[in-house]
Number of protein chains: 2
Amino acid sequence: MTEEDRKIRIRDVTDVLELIGGRWRGPILAYLCESPRRFSELKDTLEGITPRILIKELRYLEMNKMVYSEKSTISGNSVVYGLTEHGESIESVIVAIHAWAKEHRMKVFTDQ
Amino acid sequence: MTEEDRKIRIRDVTDVLELIGGRWRGPILAYLCESPRRFSELKDTLEGITPRILIKELRYLEMNKMVYSEKSTISGNSVVYGLTEHGESIESVIVAIHAWAKEHRMKVFTDQ
DNA sequence: CAGGATCCATATGGATACTG
DNA sequence: CAGTATCCATATGGATCCTG
């Protein structure tokens, strides 16, 4: 691997982790992998998140084309958030994270 | 999926992203996937990192059993950092990140 | 229900200089 | 070369209350 390749790879990791990292972005994406959800569902399932943070992160993810939002056609003033086609592709990373966690969480997170 | 399963999955994502997230932990692990490196190699390749941050993150990763350190047997006072067996397993996640980045970085990171 | 407004604590990380 | 020591800016995120 050339020095140049190495830097690109490191840059990639930096960028992706910026996109899905932080306290809530990964969890939001992981939850939305299952199906689109309303604001309040997100708020209730992502235990501990406040509306301010939630809307901020959703907007960030929208800006980065990972998430879309639309007013629910069913209920009056509810809004539904879901993964864009683009956002769905991140599931490959989420799956890898789940797999790793399942295999290793005991070893790392418990015996400290 | 039960509500309980969902929360476990979300928790997993939270935990793993805490472990490999942040500004430098992912990049450090990605770089060490290739081979063990000396402190100064890490410092030079991870452009922009300062020694204080580097040692702090290395210690964090050591505490979490992802990284080991040992005094180089070759050169006098150099120290070598590498992935533990455990740390190596995270390569599966790094690989997924690389793959995703290669496929999607243009779409997400450029047209903003 | 969806989201905005304010206020605030602290963690994160950067700059710089120094030491064994 | 491998770290330490200080100092400091700001981003991050939490708490609480409010509104269309």
Side-chain angles (χ1 to χ4, degrees), chain A residues 10-11 13-32 35-64 66-82 112, chain B residues 10-11 13-32 35-64 66-82 112:
Chain A
I10 289 174
R11 181 90 203 274
V13 171
T14 301
D15 288 344
V16 174
L17 285 176
E18 187 177 332
L19 186 65
I20 69 173
R23 178 74 184 81
W24 298 109
R25 304 215 263 263
I28 289 172
L29 293 170
Y31 182 42
L32 291 181
S35 80
R37 298 287 183 179
R38 280 175 298 128
F39 188 85
S40 57
E41 290 178 301
L42 282 155
K43 184 159 66 59
D44 293 342
T45 300
L46 271 22
E47 294 179 329
I49 200 169
T50 63
R52 190 179 82 91
I53 301 294
L54 178 54
I55 195 65
K56 183 169 140 276
E57 298 302 340
L58 286 170
R59 298 267 153 85
Y60 173 90
L61 292 170
E62 277 189 80
M63 261 189 44
N64 286 277
M66 304 295 287
V67 163
Y68 69 85
S69 68
E70 62 178 9
K71 300 205 165 155
S72 169
T73 47
I74 314 167
S75 144
N77 73 345
S78 76
V79 178
V80 171
Y81 294 87
Q112 290 186 13
Chain B
I10 289 174
R11 181 91 205 273
V13 172
T14 301
D15 288 343
V16 174
L17 285 177
E18 186 178 332
L19 187 65
I20 69 172
R23 179 72 184 82
W24 296 109
R25 304 214 265 260
I28 288 171
L29 293 170
Y31 182 43
L32 292 181
S35 80
R37 299 287 183 179
R38 280 176 297 127
F39 187 86
S40 57
E41 291 178 300
L42 283 155
K43 185 160 65 62
D44 293 342
T45 300
L46 272 23
E47 294 178 334
I49 200 170
T50 64
R52 190 178 82 91
I53 302 296
L54 178 54
I55 195 66
K56 182 168 141 274
E57 298 303 340
L58 286 170
R59 297 266 154 85
Y60 174 90
L61 291 170
E62 277 188 79
M63 260 188 45
N64 286 278
M66 304 294 287
V67 163
Y68 69 85
S69 68
E70 60 176 11
K71 300 204 165 157
S72 168
T73 46
I74 314 169
S75 142
N77 74 343
S78 75
V79 178
V80 171
Y81 294 88
Q112 291 189 13

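- Side-chain proximity of F39(B) to dG3(D), dC1(D), dA2(C): nearest is dG3(D).
- The side chain of S40(A) places no N or O atom within less than 4.0 Å of a non-bridging phosphate oxygen (OP1 or OP2) of dC1(C).
- The rotation axes computed at either terminus of the helix from dC1(C)-dG20(D) to dG20(C)-dC1(D) lie 50° apart, taking five pairs at each end and rounding to 10 degrees.
- Distance check: E62(A) CD to I55(A) CD1 gives 7.5 Å after rounding to the nearest 0.5 Å.
- Qualifying side-chain hydrogen bond (donor to acceptor under 3.5 Å, both in side chains) partners for Y81(B), counting only residues two or more places apart in sequence or in other chains: none.
- Separating the NZ atom of K56(A) from the P atom of dG4(C) is a distance of 13 Å, rounded to the nearest angstrom.
- Contact of the L61(A) side chain with the L32(A) side chain is not registered, since no non-hydrogen atoms from C-beta on lie closer than 4.5 Å.
- For dA11(D), the OP1/OP2 oxygens have no side-chain nitrogen or oxygen of Y60(A) closer than 4.0 Å.
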For this session: Would you check, one step at a time, whether the test side chain to side chain contact (heavy atoms under 4.5 Å, CB included) holds for V80(B) with R37(B)?
Result: CA-CA 5 Å; V80(B) 171; R37(B) 299 287 183 179; over 6 Å; no

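- Annotation: side chain to side chain contact (heavy atoms under 4.5 Å, CB included) contacts of T14(B) (sequence neighbours excluded): R23(A), P27(A), I10(B).
- Taking atom CD1 of I55(B) as the reference point, atom C1' of dC1(D) lies 12 Å away to the nearest angstrom.
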What N/O pairs connect the protein and nucleotides 6-9 of chain C at under 3.5 Å? Give each pair on its own line.
{"from": "dT6(C)", "atom 1": "O4", "to": "R52(A)", "atom 2": "NE", "distance (Å)": "3.3"}

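- Taking atom CD1 on I53(B) and atom P on dA5(D), their separation rounds to 15 Å, with Å as the unit.
- A residue-by-residue look at G48(B) and Y81(A) shows that Y81(A) has its nearest nucleotide of DNA chain C further toward the 5' end.
- Between the CG atom of L58(B) and the C1' atom of dT4(D) there is a distance of 15 Å, rounded to whole Å.
- The shortest distance between side-chain heavy atoms of L19(A) and Y60(A) falls below 4.5 Å.
- Residues that satisfy the side-chain hydrogen bond (donor to acceptor under 3.5 Å, both in side chains) test with E70(B), not counting sequence neighbours, are absent from this structure.
- Between the CD1 atom of I49(A) and the P atom of dT16(D) there is a distance of 16 Å, given to the nearest Å.
- Note: CG (L46(A)) to P (dG14(D)) measures 11 Å, nearest angstrom.
- Atom CD1 of I49(B) and atom CH2 of W24(B) lie 5.0 Å apart (nearest 0.5 Å).
- In this structure, the separation between CG on L58(B) and CE on M63(B) is 13.5 Å, given to the nearest 0.5 Å.
- Using a 4.0 Å heavy-atom distance criterion, E57(B) is classed as a sugar-phosphate-only contact.
- Taking the side chain as every heavy atom from C-beta outward, I20(A) and V13(B) never approach each other to under 4.5 Å.
- In this entry the distance linking NZ of K71(B) with P of dA2(D) reads 12 Å, nearest Å.
- Taken residue by residue, residues 23-31 of chain B places no heavy atom nearer than 4.0 Å to DNA chain D.
- The CZ atom of R25(A) sits 11.0 Å away from the CG atom of L17(A) when rounded to the nearest 0.5 Å.
- Rounded to an integer number of Å, the gap from CD of E47(A) to P of dG13(D) is 18 Å.
- Here the CZ-OG distance, from R38(A) to S69(A), works out to 14.5 Å after rounding to the nearest 0.5 Å.
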